There are 2 protein chains.
Amino acid sequence: MKPTIKDIAAKTNLSIATVSRVLGHKQGTYSAKAEAKVLQAARELGYRKNTVAVELVKKRADVLAVIINATPTNFSTDIIDGIQERAGQLGQQVIILYAGNREAPLQHQAINTALQRNVSGILLVAIEPDATDRELLQAAQVPFCFVSLNLDDQNIKSVSSNNHDLAYQATEYLIAHGHTRIGLAGIDDYHTGRQRLAGYQAALANHQIMADPAWVQRGNYSYQAGQAALSPYRSLGVTAVLAASDMVAAGLLTAAQGQHLTLPQDLSIVSIDGTIICDITTPALTSVTQDFREIGRQGVNRVMGQAAQTIIPVTLTERASVAELDQLETK
Amino acid sequence: MKPTIKDIAAKTNLSIATVSRVLGHKQGTYSAKAEAKVLQAARELGYRKNTVAVELVKKRADVLAVIINATPTNFSTDIIDGIQERAGQLGQQVIILYAGNREAPLQHQAINTALQRNVSGILLVAIEPDATDRELLQAAQVPFCFVSLNLDDQNIKSVSSNNHDLAYQATEYLIAHGHTRIGLAGIDDYHTGRQRLAGYQAALANHQIMADPAWVQRGNYSYQAGQAALSPYRSLGVTAVLAASDMVAAGLLTAAQGQHLTLPQDLSIVSIDGTIICDITTPALTSVTQDFREIGRQGVNRVMGQAAQTIIPVTLTERASVAELDQLETK
DNA sequence: TGTTTTATCGTAAACGTTTACAGTTGCGTA
DNA sequence: TACGCAACTGTAAACGTTTACGATAAAACA
């Protein structure tokens with residue numbers, strides 16, 4: 001039988017109330033002698049507090065639930081690092097609930113799990129909520145925040161990079177390097193994808209470039225999506241591509257090399273994310289780099305009612321996957 | 001105020017016991033009429049069961065805790081997929097606790113968190129336990145299992161690939177391709193590393209190859225460890241390297257390309273893991289591929305007292321990072 | 001008809017804590 | 001000496017469920 005405070009009380013001839021007080025560090029409510037006896041007994045008995053009982057009586061769990069899915073891309077550990085860091089500072093434990101591969105039932109289940117445990121907040125990392133998810137979350141009185149995803153509804157808390165700006169910057173960068181036939185590969189048709197698409201289109205429009213709709217190749221941010229995007233681009237004469245994620249960029253890159261293209265001369269790539277994947281490929285991928293740790297930290301702030309920054313700036317990291325386009329071609 | 005079964009009882013003029021029975025699907029203990037009334041009332045009130053209270057009275061949480069750390073390598077999602085799959089079949093929820101970057105205090109904290117919640121089992125993914133961790137786990141009566149890590153102590157449950165065999169196979173493969181000066185890069189000095197080292201050494205010995213101790217370059221399975229290993233190998237005349245992880249292989253590869261070496265002609269690499277990283281690099285990495293999903297599944301079996309396989313076979317996946325060594329050199 | 005069985009339900013205790021409130025000391029002060 | 005007060009401790013209720021046990025009424029049986 002696991003020891004309880006009752007056992008400690010019996011052993012020390014104190015009441016469970018006193019035991020509870022010293023174990024709860026309610027300073028000033030117990031004597032040094034009581035403290036010593038209780039601590040000693042607790043050690044001897046191998047006592048461990050039953051968090052479940054505490055949560056029941058306090059009607060509150062100092063726990064942040066993080067819901068993630070198996071993103072085909074791989075930035076989540078950085079976000080979680082940031083979340084863990086900030087949560088620790090605010091005295092919150094973090095539990096991660098895994099929602100599978102964007103599978104609706106698993107997402108509901110994860111949200112329900114969190115809700116049934118009186119968590120103090122829910123962080124949804126790169127989760128596209130469906131209608132049920134939204135109802136579930138809004139019906140509960142638990143604060144929640146979307147992380148690395150920005151819903152259109154401004155009443156719903158979120159922390160992410162500015163997707164519009166991010167795509168805009170990357171596209172401008174390619175234009176500045178002489179490219180005019182610029183693809184956008186791997187985006188989905190949800191919030192993040194639409195926002196990036198808009199940024200991309202805005203940059204092209206700003207430079208009077210008439211975009212061919214076929215330059216946009218949808219996908220799910222995965223390696224496979226990148227691979228699939230290559231062949232359309234070859235027939236379209238696209239010289240540079242903005243990849244929706246590092247994984248998409250990697251897929252494009254290996255597909256291109258499979259076709260014996262030389263990078264970046266035959267195809268320039270800018271990828272979005274800037275994870276370690278960018279260093280691994282040959283050539284290394286120039287990227288718009290997101291500050292995932294900071295996104296995680298601010299997500300915690302947001303959900304815990306602290307002052308928080310909701311749009312996290314990105315930086316353009318030059319590596320080796322973009323070539324200056326020979327201007328002769330375009331004349 | 002969140003509604004409780006008491007509210008449902010009041011609304012339906014039934015006792016809380018009956019409400020609890022229908023909500024708990026204790027078939028045969030309640031009438032169809034009672035069921036209808038309770039379900040209706042629950043829906044109207046937006047009732048959600050308080051898992052914390054249930055766990056307290058049942059003294060048991062149908063929850064599996066998975067403790068992971070920020071591995072520099074990236075196989076964990078596959079393991080978690082496998083865990084989640086099997087746990088779902090056994091009616092267990094899964095919560096993931098994050099133990100940071102092999103930081104001892106965070107590991108203890110994660111274990112304590114799990115223990116304080118009466119979880120039905122603990123799965124430690126790629127965690128090297130220190131003495132405190134082991135005491136903590138063994139003092140509790142909660143079943144636990146190390147996953148993707150095989151302690152020497154056979155009394156402690158674990159599920160993993162056979163590290164000795166894995167390194168042996170890979171080394172033999174390189175020998176069969178004519179290599180005799182073979183490095184081993186990125187392994188740590190704990191269980192996994194030692195087991196792989198032994199397999200590597202056994203294969204060399206089996207072919208009467210006198211190994212130079214400097215062929216073994218320690219590390220922590222990271223990209224950086226791979227990069228750091230290159231320069232020693234160049235001066236040693238090593239022609240092939242067994243990398244301790246895909247990330248190590250990637251580091252080795254980009255470092256080699258940074259030195260203008262041509263792969264695989266100038267350096268052959270076999271990596272361990274076989275994640276998607278192997279496809280991303282140029283050339284693609286030949287690997288000893290672990291079945292991480294299966295490792296996850298069997299880990300659940302093990303900890304839930306089901307029949308389980310504890311050693312999961314590996315397969316050698318040929319890609320493009322190993323060259324047949326010109327036999328003239330060795331004559 | 002009376003008796004037994006069955007189906008259904010309610011009462012109340014229990015799970016391991018926290019905490020409001022009410023004691024009980026012992027000390028300082030008048 | 002008596003009083004007030006501070007410091008400490010104990011009693012008991014509460015958190016939201018589950019479940020053993022007993023109660024009730026209807027159905028089945030003789």
Side-chain angles (χ1 to χ4, degrees), chain A residues 1-39 41-42 45-63 112-113 115-120 140-141, chain B residues 1-39 41-42 45-63 112-113 115-120 140-141:
Chain A
M1 232 17 190
K2 272 220 282 200
T4 71
I5 54 171
K6 215 177 283 182
D7 299 314
I8 298 183
K11 186 158 182 163
T12 55
N13 289 320
L14 290 165
S15 70
I16 59 165
T18 302
V19 175
S20 171
R21 282 189 279 251
V22 356
L23 257 20
H25 306 294
K26 299 260 170 293
Q27 313 257 352
T29 66
Y30 51 84
S31 64
K33 206 169 60 183
E35 178 178 21
K37 282 204 291 182
V38 168
L39 260 27
L45 292 170
Y47 172 79
R48 196 189 315 277
K49 195 178 281 201
N50 184 329
T51 307
V52 174
V54 175
E55 288 177 355
L56 178 61
V57 59
K58 288 202 173 172
K59 307 185 70 164
R60 172 175 60 87
D62 289 329
V63 169
N112 269 320
T113 301
L115 256 25
Q116 289 175 7
R117 288 180 174 277
N118 305 323
V119 296
S120 45
Q141 79 301 29
Chain B
M1 232 19 191
K2 272 219 283 200
T4 71
I5 54 171
K6 215 176 282 181
D7 299 313
I8 299 183
K11 184 158 183 163
T12 55
N13 289 320
L14 290 165
S15 70
I16 60 165
T18 302
V19 175
S20 171
R21 282 188 278 251
V22 356
L23 259 19
H25 307 292
K26 298 259 169 295
Q27 313 255 353
T29 66
Y30 51 84
S31 64
K33 206 171 58 183
E35 178 178 21
K37 283 204 291 182
V38 168
L39 260 28
L45 293 170
Y47 172 79
R48 195 190 314 278
K49 197 178 280 202
N50 184 328
T51 307
V52 174
V54 175
E55 287 177 355
L56 179 61
V57 60
K58 288 200 173 173
K59 305 184 70 163
R60 171 175 60 89
D62 289 328
V63 169
N112 270 320
T113 300
L115 256 25
Q116 289 174 6
R117 288 181 174 277
N118 305 324
V119 297
S120 46
Q141 78 300 30

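Keep in mind it's a predicted model, so treat the numbers as computed, not measured.
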Participant: Give a yes/no on whether any side-chain N or O of B:Ser15 is located under 4.0 angstrom from OP1 or OP2 of C:dC9.
Facilitator: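 No.
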
Participant: Backbone N or O of B:Ala41 within a donor-acceptor pair of the B:Lys11 side chain at under 3.5 Å?
Facilitator: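 Flag not set: sc B:Lys11 to bb B:Ala41 has no pair under 3.5 Å.
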
Participant: Check the distance between C:dT18's P and B:Leu56's CG and give it to me in whole angstrom.
Facilitator: 12 Å

Participant: To the nearest Å, give me how far apart CD (A:Glu35) and P (D:dA7) are.
Facilitator: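 My rounded result for the distance is 16 Å.
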
Participant: Is any side-chain N or O of B:Ser31 closer than 4.0 Å to OP1 or OP2 of C:dC9?
Facilitator: yes

Participant: Once you round it to whole Å, what is the distance between P of C:dG10 and CD1 of B:Ile5?
Facilitator: 12 Å

Participant: Considering only side-chain heavy atoms of A:Leu14, which listed nucleotide, D:dT18, D:dG10, C:dT17, is closest?
Facilitator: D:dG10

Participant: Expressed in angstrom and rounded to an integer, what is the separation of A:Ile16 atom CD1 from C:dA20 atom P?
Facilitator: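 The answer, rounded to whole Å, is 15 Å.
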
Participant: Of A:Val22, A:Ile16, A:Leu23, A:Thr18, which meets side chain to side chain contact (heavy atoms under 4.5 Å, CB included) against A:Ile8?
Facilitator: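 Answer to the side chain to side chain contact (heavy atoms under 4.5 Å, CB included) test with A:Ile8 among A:Val22, A:Ile16, A:Leu23, A:Thr18: A:Leu23.
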
Participant: Of the candidate nucleotides D:dC15, C:dT19, D:dT18, which contains the atom at the shortest distance from the side chain of A:Lys59?
Facilitator: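 My answer, after comparing the listed nucleotides, is D:dC15.
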
Participant: Quick one: is B:Thr18 getting a side-chain N or O under 4.0 Å of the C:dG10 phosphate, OP1 or OP2?
Facilitator: yes

Participant: Which residue lies toward the 5' end of DNA chain C, B:Gly28 or A:Lys2, if each is placed at its nearest nucleotide?
Facilitator: B:Gly28

Participant: Which nucleotide wins on minimum distance to the side chain of A:Lys6, given the candidates C:dC15, D:dT19, C:dT19?
Facilitator: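 Per side-chain heavy atoms of A:Lys6, the pick is C:dC15.
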
Participant: How many Å lie between CG on B:Asn50 and P on C:dC15, as a whole number?
Facilitator: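 Interatomic distance, CG of B:Asn50 to P of C:dC15: 18 Å.
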
Participant: Quick one: label B:Val54 by what it contacts on the DNA or RNA (base, sugar-phosphate, nothing), any heavy atom closer than 4.0 Å.
Facilitator: sugar-phosphate

Participant: With nearest nucleotides of DNA chain C determined for A:Arg21 and A:Met1 from heavy-atom distances, which residue corresponds to the more 5′ nucleotide?
Facilitator: A:Met1

Participant: Nearest whole angstrom, please: distance from the P of C:dA7 to the OH of B:Tyr30.
Facilitator: 15 Å

Participant: Tell me the interatomic distance from A:Lys49, atom NZ, to C:dT18, atom P, rounded to whole angstroms.
Facilitator: 4 Å

Participant: For A:Lys49 and B:Gln116, which heavy atoms make the closest approach, and how far apart are they?
Facilitator: O-CG, 3.3 Å

Participant: So, A:Lys2 versus B:Asn118: side-chain donor-acceptor pair below 3.5 Å or not?
Facilitator: yes

Participant: Once you round it to whole Å, what is the distance between P of C:dA7 and NZ of B:Lys26?
Facilitator: 18 Å

Participant: For B:Thr4 and D:dG16, is the shortest distance between a side-chain N/O and OP1 or OP2 below 4.0 Å?
Facilitator: no

Participant: Considering just the side-chain nitrogens and oxygens of A:Tyr47, establish if one lies under 4.0 Å of OP1 or OP2 belonging to C:dT17.
Facilitator: yes

Participant: What does A:Asn118 touch in the nucleic acid at a heavy-atom separation under 4.0 angstrom: a base, only the sugar-phosphate, or nothing?
Facilitator: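 No contact.
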
Participant: I want to verify a distance call: between C:dT19, D:dT18, C:dG10, whose nearest atom is closest to the A:Ala17 side chain?
Facilitator: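 Given the options C:dT19, D:dT18, C:dG10, the side chain of A:Ala17 is closest to C:dT19.
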
Participant: Between A:Arg117 and A:Val63, is a side chain to side chain contact (heavy atoms under 4.5 Å, CB included) present by the stated rule, with each step listed?
Facilitator: CA-CA 9 Å; A:Arg117 288 180 174 277; A:Val63 169; over 6 Å; no

Participant: Tell me whether the OP1 or OP2 atom of D:dC8 has a side-chain N or O from A:Thr29 closer than 4.0 Å.
Facilitator: no

Participant: Of the non-hydrogen atoms in A:Tyr47 and A:Ile5, which two are nearest, and what is the gap between them?
Facilitator: OH-CG2, 3.5 Å

